[in-house]
2 protein chains.
Amino acid sequence: MSARQVTLAEVAKQAGVSLATASRVLNGSTRQVSEELSDRVLRTAEQLGYVPNASAQALARNSSSLVGLVVHDITDPYFSCIAAGVTRVAEEAGLVVVLGTTGRRPEREVELLSTLRAHRARAVVLAGSRTTDRASQARLAAEIDAFTEQGGRVACVSQAKLGTDTVVPGNRAGGRALARALAELGHRRFAVLGGPAELVVARDRLAGFKAGLADAGIAPPVVVNGAFTRDGGYEAALELLASKSRATCVFAVTDVMAMGAMAALRERGVRVPEDMSIAGFDDIPTLRDTVPALSTVRLPLEEMGEIAAGLVLDAGGDEARTVRVAGEVVLRASTGHNILATT
Amino acid sequence: MSARQVTLAEVAKQAGVSLATASRVLNGSTRQVSEELSDRVLRTAEQLGYVPNASAQALARNSSSLVGLVVHDITDPYFSCIAAGVTRVAEEAGLVVVLGTTGRRPEREVELLSTLRAHRARAVVLAGSRTTDRASQARLAAEIDAFTEQGGRVACVSQAKLGTDTVVPGNRAGGRALARALAELGHRRFAVLGGPAELVVARDRLAGFKAGLADAGIAPPVVVNGAFTRDGGYEAALELLASKSRATCVFAVTDVMAMGAMAALRERGVRVPEDMSIAGFDDIPTLRDTVPALSTVRLPLEEMGEIAAGLVLDAGGDEARTVRVAGEVVLRASTGHNILATT
DNA sequence: GCGTGGCCGGAAAGCGCTTTCCAGCGCTGC
DNA sequence: GCAGCGCTGGAAAGCGCTTTCCGGCCACGC
């Protein structure tokens, strides 16, 4: 088996031209080749089923057609939406997407970046969330530097890294707007199911939410932290219930967490929104059909992926660009009016 | 900027050894190198921040560390779960996953395979569903042949392609078991929201379901075809309602379609399960918290991805292996007893 | 004491492609 | 009529690595 691969040399020989000519025909260099030879080469290439060896090209050109995409968990709809945006843009540009998953371990992010560097990836989109841990931050920054030094470009989604292009969702503003909208529904006592304390995204959303409450002259919320996952939301909600909090409305910093929280409430016989209103963040498409429909802050996730890919693919100047995308509050059935509203 | 990349040659020179020795140290060849030199090389490599050029390695070794993964839509939880399984196994094996999305266009699948071939990918997992269209089948088969000829391995999920390893979920058996289980709830008139007629997966599930009904002595279901997506389910359900079918239970061949269908029913004021029972297929984890909880046939999606990756990564013999994974009927709240059950 | 292996280092030949450089040729312009 | 230019084709030098092959060294055995 394993009929050896057709090489450019074979095509050239078969077509009776030099290696150089064949190469020029088959990849559109700046140089012209007469139509006759060009035709001949094209035809023989076709006939022999020639496929260029991407590694050899990458080596000779010193640049590959790989684009990295680093996410925590491709199963999480948040990331898969972003991934969809990134792949669409990359594929249109004729590039190939390398998917790396970190499982939320910072060191894995560094490893992946290093691997991507080994492959001379042209660019990489970091979609994971930034943590506040100093040490891993520093290692990541070093790796990013190495990557850019080598000529690669890096863009981040939602984590402003020094010197990289970034797509920044309005986490803070979204949280704030949501808090106000919920206050307008008459709620006065809030709880928040926050993500891990060290996650910047979670902190921003929480901070915005608190600010919004303050705007409305409402006391700060009870905050229960949990993992940034469905189960995290579930556990945090149970904890909240156990704490006998008197909150009438709970904000889960993520739709996925909100789903977990709703499951917990349901199990405990707490009705949504009658007994408790709940809101999330992200507006995950897959979850739009749930009952009761989840109030949330909509983020254009796929578009964010596209923007990130766009940033990272067109060279751009030297300085880091930042694209802000706004979140839009969407109130649905999971949040009701609080009839008991007092001052 | 762009401090040029550290090469093996530089490391070797700096360490005062030959290129060969440096290479042997830094990638564990069969040959031994004295501890002294080895240490020296390791140290300088570390010091200089040496990262091997993967393209050059791939070229020299004539094999890369890339594994392809082809899906229709990474946003679809079905695929993202499989993707998670594949990436986990691949990353453990020190390989890098290239993600390609087809947008359900068969020709795109062929293109991707060809790109993967150009990159000398070591293996590829095809997770897309097979269609019955002759022409695209043939082109795909040709491309697969070319890929394997070149030494790459191919595995498919749920589509038995000639000569490739395959992970086959029990679509037929699952559909059949589901039909029987629903019949036992007393339902006698069924409808099916089938996927596109040319999708083998959809057909198998439908065929199994029909067989199950036949087992129970029940008349064949009304079948409405729609796209293999949430919207497809939504549309199909509307169409079903418009047809004034008297079905008391509807089977959507996919959980995602079932979600769309439930949305349609809800909009039309049809209660689930009181007025209409509904069941899906796949048991998508993200959808497990929906209300009413969806009855379905559970497939171990991540595991299927892992198995596929495992098949494609360990060489195996020459003949195609097939691993069957069973679906498990899970009845939840979306299917109720049919109290009006007659014969 | 010398022949014979076994080991380890290094030189060098690729891997398949790109790209520079040079040679040849037909034109134009004076 | 010839210098000079622009254009096309080919030879060849890499790109950074792996791996074969060879040569030198040491240890061992007779």
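Letters go in sequence order (proteins before strands), and every chain restarts at 1.
By the 4.0 Å N-to-carboxylate-O rule, A:Glu302 lies close enough to A:Arg88 to be salt-bridged with it. In summary, B:Glu143 and B:Arg117 engage in a salt bridge, as defined by a charged side-chain N under 4.0 Å from a carboxylate O. A salt bridge links B:Glu91 to A:Arg108: at least one charged side-chain nitrogen sits closer than 4.0 Å to a carboxylate oxygen. Using a cutoff of 4.0 Å between basic side-chain nitrogens and carboxylate oxygens, B:Asp76 and B:Arg104 are scored as salt-bridged.
For the pair B:His119 NE2 and C:dC15 P, the computed distance is 21 Å after rounding to whole Å. Rounded to an integer number of Å, the gap from NZ of B:Lys13 to P of D:dG16 is 14 Å. At whole-Å resolution of the value, CG in B:Leu59 and P in D:dC15 are 14 Å apart. Remark: P of C:dC7 and CD of B:Glu35 are 17 Å apart, rounded to the nearest angstrom. Taking atom CZ of A:Arg40 as the reference point, atom P of D:dT8 lies 16 Å away to the nearest angstrom.
Contact annotation: B:Ser34 side-chain N/O to C:dC7 OP1/OP2 distance is not under 4.0 Å. Contact check, A:Gln32 against D:dT8: a side-chain N or O comes under 4.0 Å of OP1 or OP2.
When each of B:Val41, B:Val33, B:Thr21 is paired with B:Leu26, the side-chain contact (heavy atoms from CB on, under 4.5 Å) condition holds for B:Val41 and for no other.
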Can you pull every protein N or O that's under 3.5 Å from an N or O on nucleotides 17-22 of chain C?
unit_1	atom_1	unit_2	atom_2	d
C:dC17	OP1	A:Tyr50	OH	2.6
C:dC17	OP1	A:Asn53	N	3.3
C:dC17	OP2	A:Leu8	N	2.3
C:dT18	OP1	A:Asn27	ND2	3.0
C:dT18	OP1	A:Gln57	NE2	2.9
C:dT18	OP1	A:Arg61	NH2	3.2
C:dT18	OP2	A:Ser23	OG	2.5
C:dT18	OP2	A:Asn27	ND2	3.2
C:dT20	O4	A:Arg24	NH1	3.4
C:dC21	N4	A:Arg31	NH1	3.3

Let me check something: any side-chain donor-acceptor pairs from residues 48-60 of chain B under 3.5 Å, sequence neighbours excluded? List them with distances.
unit_1	atom_1	unit_2	atom_2	d
B:Asn53	OD1	B:Ser55	N	2.9
B:Asn53	OD1	B:Ala56	N	3.1

